[in-house]
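This report concerns only the one structure given below.
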Protein chains: 2
Amino acid sequence: MPRASRVTIRDVAFEAGLAVSTVSNALAGKDCVREETRRKVVDIAVRLGYRPSALARSLRSGRSLTMGVLVSDVSNPALVDYVRGVDDVAVREGFTILLGNTDERIEKQVAQMKTLIDHEVDGMVLISQHTEGKEVRELLKIVPYVFIQRRSPHFVDDYVGGDNAASTRKALTYLHELGHRRIGIITGPTASSTAMERLAAYRACVDDLGFDRDEDLVVYGDYDLDAGRRGMHRLWSLPEPPTAILASNDICALGVQDAALELGVSIPDQLSLCGCDDISLAGLRQIDLTTTHMPKRRIGTAAAELLLGKIEQGPNLPPQEIIIPGDLVIRSSCAAPRAKRRRRRAAAAPVAAE
Amino acid sequence: MPRASRVTIRDVAFEAGLAVSTVSNALAGKDCVREETRRKVVDIAVRLGYRPSALARSLRSGRSLTMGVLVSDVSNPALVDYVRGVDDVAVREGFTILLGNTDERIEKQVAQMKTLIDHEVDGMVLISQHTEGKEVRELLKIVPYVFIQRRSPHFVDDYVGGDNAASTRKALTYLHELGHRRIGIITGPTASSTAMERLAAYRACVDDLGFDRDEDLVVYGDYDLDAGRRGMHRLWSLPEPPTAILASNDICALGVQDAALELGVSIPDQLSLCGCDDISLAGLRQIDLTTTHMPKRRIGTAAAELLLGKIEQGPNLPPQEIIIPGDLVIRSSCAAPRAKRRRRRAAAAPVAAE
DNA sequence: TCCGACGATAAAAACGATTTTAGAGGCGGT
DNA sequence: ACCGCCTCTAAAATCGTTTTTATCGTCGGA
């Protein structure tokens, strides 16, 4: 099956009556070739429809203008915006993206990383991926990389993420002002540094703001609908249920809403709910979720830019951590708790929705 | 920045005291090399951590084990499942995916297609992309491809999509049985063959099932929230509004729900609503949308498999169109219209939700 | 003994570019 | 007249593979 053979630089050279190297230099805009010659070469190249083979070029030059993007699942709505952000700067800088799904499984991640390296990507962006493991660490030595949303507790890497501590604190402060003192939390997976940072911030607030300290209010969950449903059931079956819940993200919060409807619990009358991410659906009237905005696309672009810098400068410069702040978006899923709580200050601030 | 130079086949050959070609043949499992030799080679290759360069291999062999995937926006929830489906079979078959966003703009699409071809992808999957245009058509001649969700009216291509006509008809039949006779439709973009097929099926049903024939009931929209909102406003401002609405997809339907809440219109009491796709959120109690299920991930896998066949067999075999059927998923967003309509048979079937 | 075949390995060509080194003229300075 | 330098182009090396062709014993058969 000899596909219509491509036009090579050789053909252009022949047509122009020049050497291959001259054509190469001409097209690269090197100043060692006369302007007139250059123009002729360009003309002919265009006329013949010459397009240089990225493969051959990469092989020789050692740079592939290619970056790998690893994500646990491209169809996961909580992650796609990062990918898009990375792509934004990739195309802007003439890079092409090699995509891989890892399904949250480390052996898949390792396999994908190897594949990317085989394809000689210039760098990789790891979105919510495993940061530990001997093999992973070994592979990370080979090629520049940036982590998004998940960072290692043991190594200091290039990393871009949201300001998890601050945004959690904002949400909790808001709930505190509304008068809540008993707040449940459904965390993301324990492997997610983002989730753990939120949990840590929650715990700090329990002390700082004087919330009920009760380990039963912490449910270890995930970033999906089911975690929200299960978390809600668990928290609501407590002897003394919380008056507000912090969900791991908006999708999880939707799961909580769903379960609340199932249990006949009214939001925000009986229960306040706060998500995280601010997905576009959160603003719908049928959902109307108070949440902390995570500028994921911007995080993606920041990560890609960081990576490109890394690629440019070589592996010498020290790892950098970039934290992108996000704000609390107040909608109607939070309200003052019903007046049956025991502490003073029934409702501090009358901040309402929208 | 001479990155730690990779282990090449040359190194393996030297270590084994063999010729490069022998090593290549040994690793490829060719039978022209003694089993004992082969084992030795494999041993050494593993010991040295040899990984063949995909670039060099592709360059020489003319096959890159790579496929391009073009999508208008990876962060569009209506499209991500296709991508995931394609990826499923890609990894299974040892292919790597090159991803590109085109933002629904044909010049971006052309640019991306060129990039993919420069990278010598073995084929490409075009998800909801432009099918017309001189340049697009020219590029399609170069490399095998499969369209998903959008097909050309003028050319016959390899294509995989849902059964738009049948699923639309199912929804309309269901609404007819509930007693609806005046049904609005918010279409996807006119460039989307899928949307136009649904519209055609809608028009056929208007005749077959005896719905009100009224061009005002057709709103040309898109696949997003805003199209739903605008469509609802438009339809509800009609002198005689519809009793049911068919949305272009689930996201659009969510937009309709949102606008209905804004307008104080109760679903399904005053208005029945039917989406398309069956995204996971559609099953939530706060949404609970009746919709037609589109097995997008399966469509994606089917497309990738079709493409691989195309790559294998060469461009000789004729284009194939694969239609994947989907079923109506009945939830609570549709009900019998309020008893103020003029025709006989107030409510035919008492089919209820869930 | 010679020929052909065969089995195993080696050597060389090719893939399509970039990069390095070489060469050919022209020109100015001494 | 010669040297060096500069400008432009050519030739060759290189990237890391695969593929094609060559080599070299050995063995069987006539």
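Each chain gets a letter, A, B and so on, in the order its sequence line appears, and its residues count up from 1.
Taking 4.0 Å as the cut-off between side-chain N and carboxylate O, B/Arg92 and B/Glu305 count as a salt-bridged pair. Here A/Asp88 pairs with A/Arg297 in a salt bridge; the nearest charged N to carboxylate O distance falls below 4.0 Å. Comment: B/Glu35 does not engage B/Lys30 in a salt bridge, judged by the lack of any side-chain N to carboxylate O separation of less than 4.0 angstrom. Electrostatic pairing of A/Arg63 and A/Glu120 does not count as a salt bridge here, judged by no charged N lying under 4.0 Å from a carboxylate O. Looking at A/Lys310 and A/Asp158, a side-chain N of the basic residue comes within less than 4.0 Å of a carboxylate O on the acidic one, giving a salt bridge.
Inter-residue side-chain proximity for A/Ser53 and B/Asp118 is flagged as unmet; no heavy-atom pair is nearer than 4.5 Å.
In this structure, A/Leu18 atom CG and D/dT7 atom C1' are separated by 15 Å, rounded to whole Å. The NE2-P distance, from A/His119 to D/dG16, rounds to 16 Å in whole Å. Between B/Leu27 atom CG and D/dT17 atom P there is a gap of 10 Å when expressed in whole angstrom units.
The stretch residues 31-41 of chain B comes close to DNA chain C through B/Cys32, B/Val33, B/Arg34, B/Thr37, each having a heavy atom under 4.0 Å from the strand.
Within the 3.5 Å criterion, the main-chain N or O of B/Arg105 finds no donor-acceptor partner in the side chain of B/Asp103.
Under the 6.0 Å distance and 45° angle rule, B/Arg137 counts as a cation-pi partner of B/Phe155.
Rounded to 10°, the angle separating the first-five-pair axis and the last-five-pair axis of the helix from C/dT1-D/dA30 to C/dT30-D/dA1 equals 70°.
No more than 12 heavy atoms of other residues, nucleotides or ligands sit less than 6.0 Å from atom CD of A/Glu135.
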Expected rows: protein N/O vs nucleotides 16-21 of chain C N/O, under 3.5 Å:
from: C/dG16; atom 1: N2; to: A/Ala56; atom 2: O; distance (Å): 3.4
from: C/dA17; atom 1: OP1; to: A/Tyr50; atom 2: OH; distance (Å): 3.2
from: C/dA17; atom 1: OP1; to: A/Ser53; atom 2: N; distance (Å): 2.9
from: C/dA17; atom 1: OP2; to: A/Ile9; atom 2: N; distance (Å): 2.4
from: C/dA17; atom 1: O5'; to: A/Tyr50; atom 2: OH; distance (Å): 3.2
from: C/dT18; atom 1: OP1; to: A/Arg57; atom 2: NE; distance (Å): 3.2
from: C/dT18; atom 1: OP1; to: A/Arg57; atom 2: NH2; distance (Å): 3.1
from: C/dT18; atom 1: OP2; to: A/Ser24; atom 2: OG; distance (Å): 2.6
from: C/dT18; atom 1: O2; to: A/Arg60; atom 2: NH1; distance (Å): 3.3

Could you go through B/Ser72 and B/Gln129, starting from their C-alpha distance and side-chain angles, then the distance that decides it, and tell me whether this counts as side-chain hydrogen bond (donor to acceptor under 3.5 Å, both in side chains)? CA-CA 7 Å; B/Ser72 47; B/Gln129 297 293 298; 4.7 Å; no
